[in-house]
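Reckoned from all heavy atoms, side chains included, excluding hydrogens, waters and symmetry mates.
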Amino acid sequence: MDLHILDHRLRVTSISKSGLQNYTHPLIKLIFLRNRTRCKFFSLTETPENYTVVLDEEGFKELQPSEHLQVECSTWLPLNVISNGNTSSSSQAVGVTKIAKSVIAPLAEQHVSVFMLSTYQTDFILVREKDLSVVIHTLAEEFNIFREVDGESVPVHTQDTCNGLQRNGKEAPHCTVHPVMIPKNQFCVMSLDPDTLPGIATTLIDVLFYSNSPKEDAAVADDLECIKFFSFSLIDGYVSLVMDTEAQRQFPADLLFTSSSGELWRMVRIGGQPLGFDECGIVAQISQPLADSDISAYYISTFSFDHALVPEEDIVSVTDMLQDQRKDARC
């Protein structure tokens with residue numbers, strides 16, 4: 001398999017719901033006016049707490065500093081696994097299951113934290129730029145590693161990164177088994193032709209910016225039987241959307257497309273309190289047992305919590321699996 005280090009330098013940010021009105025103009029520009037920005041990697045995810053925005057340096061220039069904008073201090077690099085010659089956008093992704101053992105678990109063992117972003121097309125594993133040499137050294141035996149430079153894929157040789165490399169030299173700490181919550185919403189993972197974005201503009205703006213007041217969102221946060229969650233990504237010209245079935249009904253059915261099976265997904269939300277960015281193994285906590293059971297999953301990290309989407313027909317077995325995991329952690 002090939003591992004590609006993509007030619008994007010990313011920032012992970014959070015916009016508070018009370019301050020959203022200060023950022024609607026740049027966000028609308030980044031979503032709909034591709035010709036007016038040089039941003040090539042943009043993702044916006046709404047949760048009950050805030051809006052997580054992941055974007056490249058060109059897009060980050062559009063967000064003005066304010067008390068409503070939190071910025072994680074690191075620069076992140078997206079990794080993409082390519083197997084059987086498929087490019088990152090040539091077919092629908094199968095989620096983190098197939099990369100759990102080969103990428104996520106080894107990085108957790110080396111105390112490298114990751115930020116995951118699954119889309120309709122592929123799965124991006126974000127790592128801190130400062131951890132890149134450790135990432136390459138850790139994964140070199142399993143993958144042919146390439147780095148994208150000006151549109152070209154350049155092979156990365158391990159010896160190029162080992163000079164001066166100091167592995168952390170310590171065992172990865174025993175990971176906290178975080179509590180999980182399973183809301184009742186059914187979710188869809190979909191895409192559309194970017195040229196048809198104007199056709200859903202008013203609906204998308206309404207769902208993203210006007211569907212809930214802060215007061216209503218606070219009520220949802222207190223009672224998470226159903227959860228407010230909507231994710232929009234526009235990355236290298238490909239659109240991905242994750243929404244629940246209630247939001248889906250607001251969109252024209254003829255413009256959105258999903259897998260041929262039209263599969264519905266259920267969410268596993270990880271974390272009883274905001275997780276932060278420094279702890280390692282959070283993604284592995286969920287992805288590893290799912291991989292062991294051959295259950296496909298999408299995984300979307302946000303500024304405060306992590307979210308895994310699993311097929312609806314597997315939610316009972318996933319619930320039992322995670323309950324057993326917590327029991328074992330107490331022993």
Handout entry: Evaluation steps, side chain to side chain contact (heavy atoms under 4.5 Å, CB included), between Leu77 and Leu132
Key = CA-CA 8 Å; Leu77 303 177; Leu132 185 60; 3.7 Å; yes

Electrostatic pair Lys184-Asp244, nearest N-O below 4.0 angstrom
no

**Request:** Any chance you could lay out the salt bridge (Lys or Arg N to Asp or Glu O under 4.0 Å) test for Lys61 and Asp56, step after step, and finish with the verdict?
**Result:** CA-CA 9 Å; Lys61 294 175 184 176; Asp56 61 23; over 6 Å; no

Only residue of Leu44, Leu204, Val242 satisfying side-chain contact (heavy atoms from CB on, under 4.5 Å) with Phe230 is Leu204

Q) Strictly by modelled atom types, are Ser153 and Arg147 linked by a side-chain donor-acceptor pair under 3.5 Å? A) no

With clusters defined by side-chain heavy atoms of hydrophobic residues (ILVMFWY) lying less than 4.5 Å apart, directly or transitively, does Ile282 cluster with Ile182? yes

Q. Under 3.5 Å, is there a donor-acceptor pair between the side chain of Gln285 and the main chain of His178?
A. yes

Under a 4.0 Å N-O cut-off, is there an ion pair linking Lys29 with Glu62?
yes

**Message:** Could you go through Cys188 and Leu264, starting from their C-alpha distance and side-chain angles, then the distance that decides it, and tell me whether this counts as side chain to side chain contact (heavy atoms under 4.5 Å, CB included)?
**Reply:** CA-CA 6 Å; Cys188 313; Leu264 294 176; 3.8 Å; yes

| message | Let's go through Asp306 and Tyr299 carefully: what are the C-alpha distance in whole Å and the side-chain angles of both, what is the deciding distance for side chain to side chain donor-acceptor pair (under 3.5 Å) to 0.1 Å, and is it a yes or a no? | response | CA-CA 8 Å; Asp306 281 9; Tyr299 199 105; 2.8 Å; yes

Is Leu192 close to Tyr238 at the side-chain level, that is, under 4.5 Å between some pair of heavy atoms? no

When Val310, Leu290, Ile295 are each screened for side-chain contact (heavy atoms from CB on, under 4.5 Å) with Ser317, the one that passes is Ile295

**Q.** Thr196 and Ile200, any side-chain heavy atoms less than 4.5 Å apart
**A.** no

Is the number of heavy atoms from other residues, nucleotides or ligands under 6.0 Å of Asp294 CG greater than 12?
-> no

message = With clusters defined by side-chain heavy atoms of hydrophobic residues (ILVMFWY) lying less than 4.5 Å apart, directly or transitively, does Phe305 cluster with Leu126?
response = no

Practice prompt. Show your reasoning for whether side chain to side chain contact (heavy atoms under 4.5 Å, CB included) applies to Leu20 and Leu27.
Written response: CA-CA 10 Å; Leu20 179 64; Leu27 292 176; 4.0 Å; yes

Q.
Centre-to-centre under 6.0 Å for Phe277 and Phe303, is that the case here?
A. yes

| Looking only at side chains, do Ser191 and Gln121 share a donor and an acceptor under 3.5 Å apart? | yes

Tested for ring pair (Phe, Tyr, Trp, His ring centres under 6.0 Å) against Trp265, the lone hit among Tyr120, Phe187, Tyr298 is Tyr298

- Task: Check the pair Phe124 / Leu6 against side chain to side chain contact (heavy atoms under 4.5 Å, CB included), numbers first and verdict last.
- Result: CA-CA 9 Å; Phe124 297 101; Leu6 303 183; 3.5 Å; yes

Does Lys40 come within less than 4.0 Å of Glu58, counting only side-chain N to carboxylate O? no

Exercise for the section: Please determine if Arg269 and Glu49 form a salt bridge, counting it only when a charged side-chain N lies under 4.0 Å from a carboxylate O. Expected result: yes

Asp292/Lys101 salt bridge by N-O under 4.0 Å criterion:
yes

Can Met1 be reached from Met116 by stepping across I, L, V, M, F, W or Y side chains whose heavy atoms are under 4.5 Å apart?
yes

What do you reckon, are the aromatic ring centroids of Phe229 and His307 less than 6.0 Å apart? yes

Under the 3.5 angstrom rule, does the side chain of Lys130 hit a backbone N or O of Ser74 as a donor-acceptor pair?
no

(message) Looking only at the side chains, is there a donor atom on one of Thr119 and Ser240 sitting less than 3.5 Å from an acceptor on the other?
(response) no

Notebook entry, point to check: Is there a path from Leu107 to Phe146 through hydrophobic residues (I, L, V, M, F, W, Y) whose side chains come within less than 4.5 Å of each other?
Noted result: no

* Is it true that a side-chain atom of Arg11 and a backbone atom of Glu72 form a donor plus acceptor pair closer than 3.5 Å? -> yes

side-chain contact (heavy atoms from CB on, under 4.5 Å) with Leu79: of Ile145, Ile99, Ile125, only one passes, and it is Ile125

| said: Counting C-beta onward and ignoring hydrogens, is there a side-chain heavy-atom pair between Leu117 and Asp123 closer than 4.5 Å? | reply: no

Over 12 non-hydrogen atoms of neighbours within 6.0 angstrom of CD in Glu246:
no

Review point. Any chance the side chains of Asn50 and Ser16 put a donor and an acceptor closer than 3.5 Å?
Key: no

* So, Ser66 and Tyr23: side-chain donor and acceptor under 3.5 Å apart, yes or no? -> yes

Please check: side-chain N/O of Asp7 versus main-chain N/O of Val149, any donor-acceptor pairing under 3.5 Å? no

Check your understanding: Any sub-3.5 Å donor-acceptor pair from Ser231's side-chain atoms to Leu241's backbone N or O?
Key -> no

| How about Gln21: does its CD atom have over 12 heavy atoms from other parts shown lying under 6.0 Å from it? | yes

Exercise. Going only through I, L, V, M, F, W and Y residues with side-chain contacts under 4.5 Å, is there a path from Ile31 to Leu69?
Worked result: yes

